[in-house]
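First the structure, in the form of structure tokens, and then the observations on it.
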Amino acid sequence: MRLIRPVLAALALGCAWPLAAQLPADPAPAASPASGPLTLGEILASSAAQAPQIVEAMARVRQAEGRALSAEGAFDTVFDVDAGSRVLGYYSGSYLEGKATRPLTDNGGSIYGGYRVSSGTFPIYEDKAYTDRLGELKIGGLFSLLRDRAIDERRGRIAMAARDIDAARLEREMVAIGVQARAAANYQNWVAAGLRLKAYQALLDLAEQRRAGIARQVQLGARPAILLTEADTNIVRRRALVVRSEQEFGAAANALSFFYRDENGERILAGPERLPASLPGFRPTRPGQPIDRPDVQTISARLAQSELKLALAENELKPRLDLRGELSYDLGRTGPGGKSRDGEEAIVGVRLTVPLQRRSAKGKIAEARAEIDGLRTRQQLVREQIAVEVKGIGIAVDGAAKTARLADDEARLADDLAAAERRRFDLGASDFFLLNMREEAATDARVRLLDAQARAALAGIDLAGATADRAALGLPDGPLP
């Protein structure tokens, strides 16, 4: 009999590598506490909530959110207090000054307000320290008219951090899609391995039952003794297939435990009692809809960051023209500084700074434009790769479905032949060798049907992953929160 190649063996090796790397340090997975057939939805729900890769990606989102909060700190209101007193020397001046400064969120400038009060005498070079008896109130502001008016370093950092959050969330979505696809593939592998084991076990049980009947016939002299030896040989061959299938089923359950976890994140080993009666298959929910994969959107987020870098570099090319204004009012009786401190005072001024060579800004502009060109090319490349990938997977899906239908026809015909041969054997019209061939051919056809159904399901899983079919993979149909 032709030995059946294990279904999805290569997939099991490819998908289980994170598990193989961790198993030496991890405790053995617990047996499944639930009852009833294990469903794909149960696996996908467990994987989406507890898979380490998804949890790690969520941590990176929180890191990006922390960096964004740190960037917003550039617009925090700052309160400053300064006080001093001359305890020795000719002059006796003391002063106290408090000032609150708040940067503007829509301009590169800031506004401030403060209060100061002084007493005693000050040298001429500290004449600005004098106030009236009850001190001085002051408000003012600085406003950027050219450089830093539309964008400045502080607002640029906040916008960059916001794009980092977008990129981290999109990366988390892509990681989740990949993890869920691997979880679904491992589930299909586990079910296929279990059903293959049941098929070979049924074949072995049939041989053992027939061997008992043959033994009675040999004792009665109705059959030659050599027929009993042939039956034993057949049992040994079929038992070897069962042992091999048991190993494959155990390996598949072990690989599946990387995605099947309890509420505490501990791995669960699914046993044969949870095996479904048939291979459930997999069908994408939107194979014909436009592709909106997170990796393409991630490039868009990076492209937005590069455009921000370009805007910041172009901002550095501009001359700085700042307008400042200040209004102050002294309170109380005239102080030691004289009447010049009494009443209101308003000051308006401008400051112009023109960079001459501006090589630093020009270099940053050239770098940002080159980065934008590269990202746009990369985005187009990824879109074309996705289109080719999806078309290729679609061809594989159609081919796998046709192969599965043919395998189903073959399995039904092989079962009919095996049943007919058993009736002929019972009537004495057939021999033991031909009956074994028919039974093994029928089992072989059923296993090939499992192979074909599993390949069709895997092709559907690949298509769901390539098209970011979140609903089919057990994820919210839309951006993750």
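Along the sequence shown, residues carry numbers from 1.
Of the candidates R376, R302, R163, R376 is the only one forming a salt bridge (Lys or Arg N to Asp or Glu O under 4.0 Å) with E307.
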Exercise for review: In sequence, state the C-alpha distance, the side-chain angles, and the governing distance for R169 and E173, and then conclude on salt bridge (Lys or Arg N to Asp or Glu O under 4.0 Å).
Suggested key: CA-CA 6 Å; R169 287 176 175 169; E173 286 192 40; over 6 Å; no

Exercise for review: Output, in order, the C-alpha distance, side-chain angles, deciding distance and verdict of side-chain hydrogen bond (donor to acceptor under 3.5 Å, both in side chains) for T334 and D132.
Suggested key: CA-CA 5 Å; T334 301; D132 282 349; 4.8 Å; no

Exercise for review: Run the numbers on V296 and Q379 for side chain to side chain contact (heavy atoms under 4.5 Å, CB included), then give the verdict.
Suggested key: CA-CA 6 Å; V296 177; Q379 189 176 55; 4.3 Å; yes

Check your understanding: Step by step, would you call I177 with D469 a side chain to side chain contact (heavy atoms under 4.5 Å, CB included)?
Key -> CA-CA 8 Å; I177 289 170; D469 192 344; over 6 Å; no

Check your understanding: Step by step, would you call L44 with F259 a side chain to side chain contact (heavy atoms under 4.5 Å, CB included)?
Key -> CA-CA 8 Å; L44 293 178; F259 305 95; over 6 Å; no

Point to revise | Candidate pair L458 and I461, rule side chain to side chain contact (heavy atoms under 4.5 Å, CB included), full reasoning | key: CA-CA 5 Å; L458 288 176; I461 293 170; 4.2 Å; yes

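Counting heavy atoms from C-beta on, the side chains of Q180 and L475 come closer than 4.5 Å. The closest side-chain heavy-atom distance from V117 to Y115 is below 4.5 Å. By the 4.5 Å heavy-atom criterion applied to side chains, R341 and D127 are counted as neighbours. At least one side-chain heavy atom of L275 sits less than 4.5 Å from a side-chain heavy atom of F249. Within the 4.5 Å cutoff, the side chain of E97 has no heavy atoms near those of the V81 side chain. Annotation: side chain of P284 is not in contact with side chain of T467 (no heavy-atom distance under 4.5 Å). Within the 4.5 Å cutoff, the side chain of W190 has heavy atoms near those of the L38 side chain. N189 has its side chain out of reach of L256: every pair of non-hydrogen atoms, C-beta onward, lies at least 4.5 Å apart.
Remark: R261 qualifies as a cation-pi partner of F258 under the 6.0 Å distance and 45° angle criteria applied to the six-membered ring. Under a cutoff of 6.0 Å and an axis angle of 45°, K138 and Y112 do not form a cation-pi pair.
Judged by distance alone, with hydrogens and angles left aside, the side-chain atoms of T377 form a donor-acceptor pair with the main-chain N or O of D373 at under 3.5 Å. Checking side-chain atoms of R154 against main-chain N and O of G108 turns up a donor-acceptor pair under 3.5 Å. A distance-only check finds a donor-acceptor pair linking the side chain of N186 to the backbone of R182 [under 3.5 Å]. Remark: the backbone N or O of L279 is not paired with any side-chain donor or acceptor of Q453 at under 3.5 angstrom. Not one N or O on the side chain of E345 forms a donor-acceptor pair closer than 3.5 Å with the backbone of S328. Looking at D262, its side chain does come within 3.5 Å of a backbone N or O of N264 through a donor-acceptor pair. When atom types are taken as modelled, the side chain of T131 and the backbone of S118 share a donor-acceptor pair closer than 3.5 angstrom. Under a 3.5 Å cut-off, the side chain of S257 and the backbone N or O of N254 do form a donor-acceptor pair. Looking only at distances, a side-chain donor or acceptor of T403 sits under 3.5 Å from a matching main-chain atom of G399.
Salt bridge status for R324 with D322: absent, with no side-chain N to carboxylate O gap under 4.0 Å. Ion pairing between D152 and R155 holds under the 4.0 Å rule for side-chain N and carboxylate O. With respect to the salt-bridge test (charged N to carboxylate O, under 4.0 angstrom), the residues E316 and K364 qualify.
Residues E389 and R293 come closest through the heavy atom pair OE1-NH1, 3.4 Å. Smallest separation of non-hydrogen atoms from R133 and G335: NE-CA, 4.0 Å. In terms of heavy-atom proximity, P319 sits nearest to L146 at O-CB, 3.2 Å. The minimum heavy-atom distance between A270 and A253, with the atom names listed, is O-CB, 3.6 Å. The minimum heavy-atom distance linking G474 with A48 is given by the pair O-CB, 4.4 Å. Nearest heavy-atom pair across P280 and V191 is CD-CG1, 3.9 Å.
Within the model, atoms NZ of K362 and CD1 of I365 stand 8.5 Å from one another, a figure rounded to the nearest 0.5 Å. Annotation: the span from I151 atom CD1 to S144 atom OG amounts to 12.5 Å, rounded to 0.5 Å. Between the CD atom of Q297 and the OG atom of S300 there is a distance of 7.0 Å, given to the nearest 0.5 Å. L406 CG to L449 CG: the interatomic distance, rounded to the nearest 0.5 Å, is 11.0 Å. Annotation: the span from I299 atom CD1 to L381 atom CG amounts to 8.0 Å, rounded to 0.5 Å. The line from CZ of R455 to CG of D462 is 13.5 Å long, rounded to the nearest 0.5 Å.
In this pair, Y130 and F122 present their aromatic rings perpendicular. The plane angle is above 60°, beyond the 30 to 60° band.
E367 CD: 12 or fewer foreign heavy atoms inside a 6.0 Å radius. Within a 6.0 Å sphere centred on CZ of R149, heavy atoms belonging to other residues, nucleotides or ligands number 12 at most. The 12-atom threshold is exceeded at CZ of R60, counting heavy atoms of other residues, nucleotides or ligands nearer than 6.0 Å. Within 6.0 Å of CE on M58 lie no more than 12 heavy atoms contributed by other residues, nucleotides or ligands.
A457 is linked by a side chain to side chain contact (heavy atoms under 4.5 Å, CB included) to Q188, F282, counting only residues two or more places apart in sequence or in another chain.
Judged purely by distance below 3.5 Å, without hydrogens or angles, the side chains of Y260 and R274 pair a donor atom with an acceptor atom. Residues Q380 and E384 bring a donor and an acceptor atom of their side chains to less than 3.5 Å of each other. A side-chain N or O of N315 and one of D148 form a donor-acceptor pair less than 3.5 Å apart.
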Distance-only donor-acceptor hits, side chain of residues 71-79, under 3.5 Å, sequence neighbours excluded:
| unit_1 | atom_1 | unit_2 | atom_2 | d |
| --- | --- | --- | --- | --- |
| T77 | OG1 | R102 | NH1 | 2.8 |

